[in-house]
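First up is the structure itself, then whatever we jot down about it.
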Amino acid sequence: MKISSKVFGEVNNQVVHSYTLQNNKNIEITCLTYGCIISDIRMPNSKGEMESIVLGFDTIEDYIADSPYFGAIVGRVAGRIKEGTFQLDNQIYNLNKNEGKNHLHGGTEGFSHKVWEATPVENEDSVGVSFTYVSKDGEEGYPGNLLVKVTYLLNNNNELTISYEGSTDQKTLVNLTNHTYFNLSGNIKRPVLDHVLKIDSSKFLELDASLLPTGEIVSVDHTPFDFREGRVIREGAESDNLQNILVGKGYDHPFLLGANNQQQVSLYDPVSKRKVDISTDQPAVVVYTGNQLTENVEIRGGTSQKYLGICLETQGLPDAVHHKHFPSCELNPNETYKAITRYTFSISETI
Ligand code: FUC
């Protein structure tokens, strides 16, 4: 196992470092101190060819300029908060609105845009990086000084574990996730339309035209949202289901998980035979199929296009603060926010 580090660039006079983690089985993961971005994951295909399986940029300037959250940790609260406002106890808070009249992915300069402190981690059977960031009381409009820690750990079983921790000095909201866009074809050879996705979920959240949950929890039965036996992404992209059409022909939906740490989500590319299995203790995974990816922007290895990557964002339910029947995303001063998601990379003949 190996970990190496170098200077990647600069943001507002702050140096940004990259860390590359390598295990003894040919998995290589690079992450940045800017936004805790996982800028690259490289693994072999069935013929042993090492290729990139995530979307990324080559330079810090590209990440700063206009990244659709490639690989980043998003927070304080992932997803949208309706009208950028909420009430905790008797206090109303107004957040920065960075998507029309709503607040998205932590605001104008959420955690994905911050330079984090990094400490390399070297264990006997794993290597990684621990990132910390202190989000000040009032940042983006949220109450409370929030201390956040995110750790990436890679081991020789080809598992990447992301663990999240947070503590606050005032009641606040926390819902963190990682926004990696997977493309298992290798070096973005093909869009993800023929990737197979399997999710152990019988329910998803209905969205409105602003992509906010309506509050309705819908059964996946007899819809393109039934991934329990595995289904290609293309079916949702080409479906006439109104929920698929609404989000730009595809998926941008929260699926409810059992939150029992079992294998809950799998993504598979039948051509390269690469597979990623994801397990989490979080109540949901937001599946976003890159429906809004800008066409013809230069990215690493080529140009971006619709459906070039798929995000599998494990997290609490979006906009939970406005839906009392969703599990709460509130964090109190005497509590610790904790979340864990594990990604296992393999070569397989089937999903
Ligand atoms: C995802 C989505 C959004 C979005 C974005 C970049 O998580 O839910 O709709 O456009 O990230």
Side-chain angles (χ1 to χ4, degrees), residues 35-39 54-57 62-84 95-113 162 164 175-183 191-192 197 199 201 204-214 225 233 236-237 243-257 265 267 278 280 282-295 297 299 304-320 322-323 326 329 339 341:
C36 300
I37 288 170
I38 293 181
S39 56
V54 300
L55 305 191
F57 291 116
D62 287 330
Y63 280 109
I64 298 165
D66 195 18
S67 172
Y69 304 91
F70 278 172
I73 291 296
V74 293
R76 260 181 221 206
V77 176
R80 294 168 177 86
I81 295 180
K82 191 173 186 171
E83 290 171 13
L95 303 173
N96 288 341
K97 297 174 183 178
N98 56 328
E99 194 193 53
K101 54 187 172 77
N102 301 316
H103 172 91
L104 171 66
H105 287 336
T108 325
E109 280 201 18
F111 294 177
S112 47
H113 294 73
I162 305 186
Y164 304 82
N175 185 14
L176 305 177
T177 192
N178 177 278
H179 210 283
T180 291
Y181 289 73
F182 290 100
N183 181 323
V192 296
L197 180 64
I199 312 177
S201 169
F204 71 103
L205 297 189
E206 181 187 72
L207 301 181
D208 68 16
S210 306
L211 310 184
L212 277 154
T214 62
F225 293 82
I233 302 302
Q243 281 291 307
N244 292 121
I245 292 171
L246 182 80
V247 301
K249 299 193 173 174
Y251 301 93
D252 198 348
H253 292 80
F255 288 77
L256 273 54
L257 300 174
V265 182
L267 183 68
I278 303 176
T280 185
Q282 290 300 286
V285 59
V286 173
V287 175
Y288 170 57
T289 49
N291 322 314
Q292 301 176 48
L293 278 174
T294 318
E295 302 276 322
V297 171
I299 65 168
S304 95
Q305 54 169 293
K306 196 170 177 175
Y307 309 124
L308 195 60
I310 175 169
C311 300
L312 300 164
E313 308 162 43
T314 53
Q315 58 181 266
L317 297 192
D319 205 24
H322 291 126
H323 299 280
F326 290 179
C329 287
T341 296

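In this chain, numbering begins with 1 at the start of the sequence shown. Indexing begins at 1, ligand by ligand and atom by atom, following the structure's order.
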Could you pull out, from His179, His253, Arg80, the option with a heavy atom nearest to atom 4 (C) of ligand 1?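 Among His179, His253, Arg80, the closest heavy atom to atom 4 (C) of ligand 1 belongs to Arg80.
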
Can a donor-acceptor pair be found, under 3.5 Å and without considering hydrogens, that links the side chain of [X] to the backbone of [Y]?
X      : Y      : answer
Asp208 : Thr214 : no
Gln243 : Glu206 : no
His179 : Gly71  : no
Ser201 : Leu256 : yes

Proximity of Leu104 to ligand 1 by residue part, where a heavy atom lies under 4.0 Å: neither

Tell me the protein heavy atom at minimum distance from atom 10 (O) of ligand 1, and give that distance in Å.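 That would be Gln292 NE2, 3.1 Å.
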
Any idea which protein heavy atom is nearest atom 9 (O) of ligand 1, and the distance to it? Asp252 OD2, 2.5 Å

Taking the side chain as C-beta and beyond, is there a heavy-atom pair between Thr177 and Gln282 under 4.5 Å? no

I'd like to know whether ligand 1 has Glu99 as a neighbour, heavy-atom separation below 4.0 Å.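 So Glu99 does not count as touching ligand 1.
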
Go through the steps to decide whether Phe204 and Val287 satisfy the test side-chain contact (heavy atoms from CB on, under 4.5 Å), and finish with yes or no. CA-CA 10 Å; Phe204 71 103; Val287 175; over 6 Å; no

For [X], take its heavy atoms, then give the atoms of ligand 1 lying under 4.0 Å from any of them.
X      : answer
Leu211 : 9 (O)
His105 : 1 (C), 5 (C), 7 (O), 11 (O)
Glu313 : 1 (C), 7 (O)

